[in-house]
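Reading through the structure tokens given below for one structure.
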Amino acid sequence: MERRDFIKKTSFAAGLTLLPTLPLLASDKDIRKITILHTNDQHSRIEPFEISTNLKQSNKGGFARRATMIHKIRQEEKNVLLLDAGDVFQGTPYFNMFGGELEYKLMSKMGYDAGTIGNHEYDNGLEGIKKALPNANFDILSSNYDFSNTILDGLIKPYKIIYKDGIKIGIFAVGVELHGLVDPRMYKETKYLDPVEIANQYANKLRKEEKCDLVICLSHLGYSFEAEPNKMCDVILAKKTKEIDFIIGGHSHTLLPEPEVHINADQKPVLVNQVGWAGLYLGRVDFNFHKGKLKGYTTYKAHEMEINEYV
């Protein structure tokens with residue numbers, strides 16, 4: 001079903017505020033746009049892929065090109081947020097040499113607002129995360145990893161609130177189960193909490209208590225798993241939770257050409273997106289908010305941008 005038809009029908013049935021026709025009745029001065037840029041699973045790909053006829057990613061990606069694209073968007077748009085869904089670390093000799101410090105330094109220069117922890121952030125243990133953290137001039141969030149009995153206690157925030165042009169944006173994060181995926185010596189006494197329970201807890205807090213207009217979940221659960229249909233993933237998370245507007249995914253290296261719309265436990269739409277891996281794409285979603293009495297966004301527009309030599 002086309003997104004426009006979907007939102008119209010869902011809005012009529014559930015009394016939602018997602019009204020695609022509303023901006024047509026309002027002038028531009030009545031609309032505030034929030035631009036969300038996002039990445040996932042960068043895997044230490046600082047430089048573009050090598051030029052090769054055997055690689056579909058030949059001469060694509062690279063932190064410098066991404067920085068150029070982000071700078072251009074910020075010159076064009078007033079309210080931009082830049083977010084990451086984890087697995088910044090591991091994949092090239094840059095991680096072997098610098099342990100993630102370089103990645104966080106470069107992301108800080110790009111102006112990231114928040115990121116989360118993927119399973120590969122644990123590759124050098126909790127000590128490696130702690131050593132890299134001072135190089136991140138942005139918040140690293142995790143809501144369902146309990147670090148209270150570890151050296152990371154107090155260093156990782158469960159959520160963050162950002163204000164842009166009068167719009168209040170709440171961001172929290174959930175990560176993948178570590179048992180069976182990560183060497184226990186790397187995460188030690190880190191406790192894994194149920195992502196659905198935690199997501200509902202923080203989404204409700206951000207929406208109901210903090211009165212956020214937009215609630216975003218950074219997820220490193222994976223989009224979905226055909227071979228394991230009951231395994232926790234973004235699609236299941238979207239369906240079993242409430243109050244989340246947008247799930248920015250990672251872990252499964254899934255490239256979605258545009259966000260998918262899923263129906264949550266309140267029969268309301270949730271956007272789910274993920275942009276592959278290795279920094280080959282930059283995700284972008286523009287949310288439009290009406291200055292009237294309506295709460296929440298009214299429309300959105302999205303597309304993925306390939307990072308190549310023509311940036």
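Sequential numbering from 1 along the given sequence is applied to the chain's residues.
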### Message
Are the side chains of Val311 and Lys72 in contact, using a 4.5 Å heavy-atom criterion?
### Response
no
Check: Are Glu101 and Lys105 ion-paired here, with the side-chain N under 4.0 Å from a carboxylate O?
Finding: no
**Study point:** Distance-only donor-acceptor check, side chains Glu103 and Ser44, under 3.5 Å
**Key:** yes
Checklist entry - Got more than 12 heavy atoms from elsewhere within 6.0 Å of NE2, His71? => result no
- prompt: Between Asp245 (side chain) and Val215 (backbone), is there a donor-acceptor pair under 3.5 Å?
  reply: yes
When you compare the side chains of Asp87 and His251, does any donor N or O come within less than 3.5 Å of an acceptor on the partner? no
Worksheet item: Just by distance, with hydrogens left out, do Asn204 and Glu243 show a side-chain donor and acceptor under 3.5 Å apart?
Response: no
Lys301 meets the salt bridge (Lys or Arg N to Asp or Glu O under 4.0 Å) criterion, sequence neighbours left out, with none
_Short side-chain donor-acceptor distance under 3.5 Å, Ser219 and Asp234_ = yes
### Side-chain touch Leu206/Tyr159, heavy atoms, less than 4.5 angstrom
yes
Sequence neighbours excluded, the answer for salt bridge (Lys or Arg N to Asp or Glu O under 4.0 Å) partners of Glu77 is Lys33, Arg284
key: Polar contact flag, side-chain donor to acceptor under 3.5 angstrom, His43-His253   = yes
Would you check if Phe246 and Ile36 make a side-chain contact, meaning some heavy-atom pair closer than 4.5 Å? yes
Quick note, salt bridge (charged side-chain N to carboxylate O under 4.0 Å, His left out) partners involving residues 37-58, not counting sequence neighbours, are none
Give a yes or no on whether Lys168 atom NZ has more than 12 heavy-atom contacts from other residues, nucleotides or ligands under 6.0 Å away.
-> yes
*Take Thr190 and Asp146 through the test side chain to side chain contact (heavy atoms under 4.5 Å, CB included) and record every step on the way to the result.*
CA-CA 6 Å; Thr190 302; Asp146 180 355; 6.0 Å; no
Side chain to side chain donor-acceptor pair (under 3.5 Å) pairs touching residues 269-279, sequence neighbours excluded, are His38-Asn273, Ser252-Gln274, Asn273-Glu304
In short, Val275 meets Thr39 closest at the heavy-atom pair CG2-CA, 4.1 Å
Those residues at least two apart in sequence (or on a different chain) that pass side chain to side chain contact (heavy atoms under 4.5 Å, CB included) with Asp153 are Ser148
Between Asn135 and Phe98, is there a side-chain heavy-atom distance shorter than 4.5 Å? no
May I ask you to decide whether Glu197 forms a salt bridge with Lys240, counting only side-chain N to carboxylate O separations under 4.0 Å? no
Worksheet item: For the ring pair Tyr297 and Phe287, is the centre-to-centre distance below 6.0 Å?
Response: yes
- [ ] Kindly say whether the aromatic ring centers of Tyr104 and Phe89 come within a distance under 6.0 Å.
- [x] yes
*Between Arg32 and Ile34, is a side chain to side chain contact (heavy atoms under 4.5 Å, CB included) present by the stated rule, with each step listed?*
CA-CA 7 Å; Arg32 288 171 288 183; Ile34 304 295; 5.7 Å; no
Closest non-hydrogen contact found for Gly62 with Ile307 is O-CG2, 4.1 Å
Only residue of Leu102, Val88, Asn137 satisfying side-chain contact (heavy atoms from CB on, under 4.5 Å) with Met107 is Val88
Closest non-hydrogen atoms of Tyr187 and Val182, given as atom of the first, atom of the second and distance, are CE2-O, 3.3 Å
task: Decide whether Asp286 and Thr35 meet the rule of one side-chain donor and one side-chain acceptor closer than 3.5 Å.
output: yes
With sequence neighbours left out, the residues meeting side chain to side chain contact (heavy atoms under 4.5 Å, CB included) with Lys231 are Phe225, Glu228
Side-chain heavy-atom pair Ile198, Asp194 within 4.5 angstrom cut-off:
no
Has Asn308 got a side-chain atom pairing as donor or acceptor with Tyr310's backbone, closer than 3.5 angstrom? yes
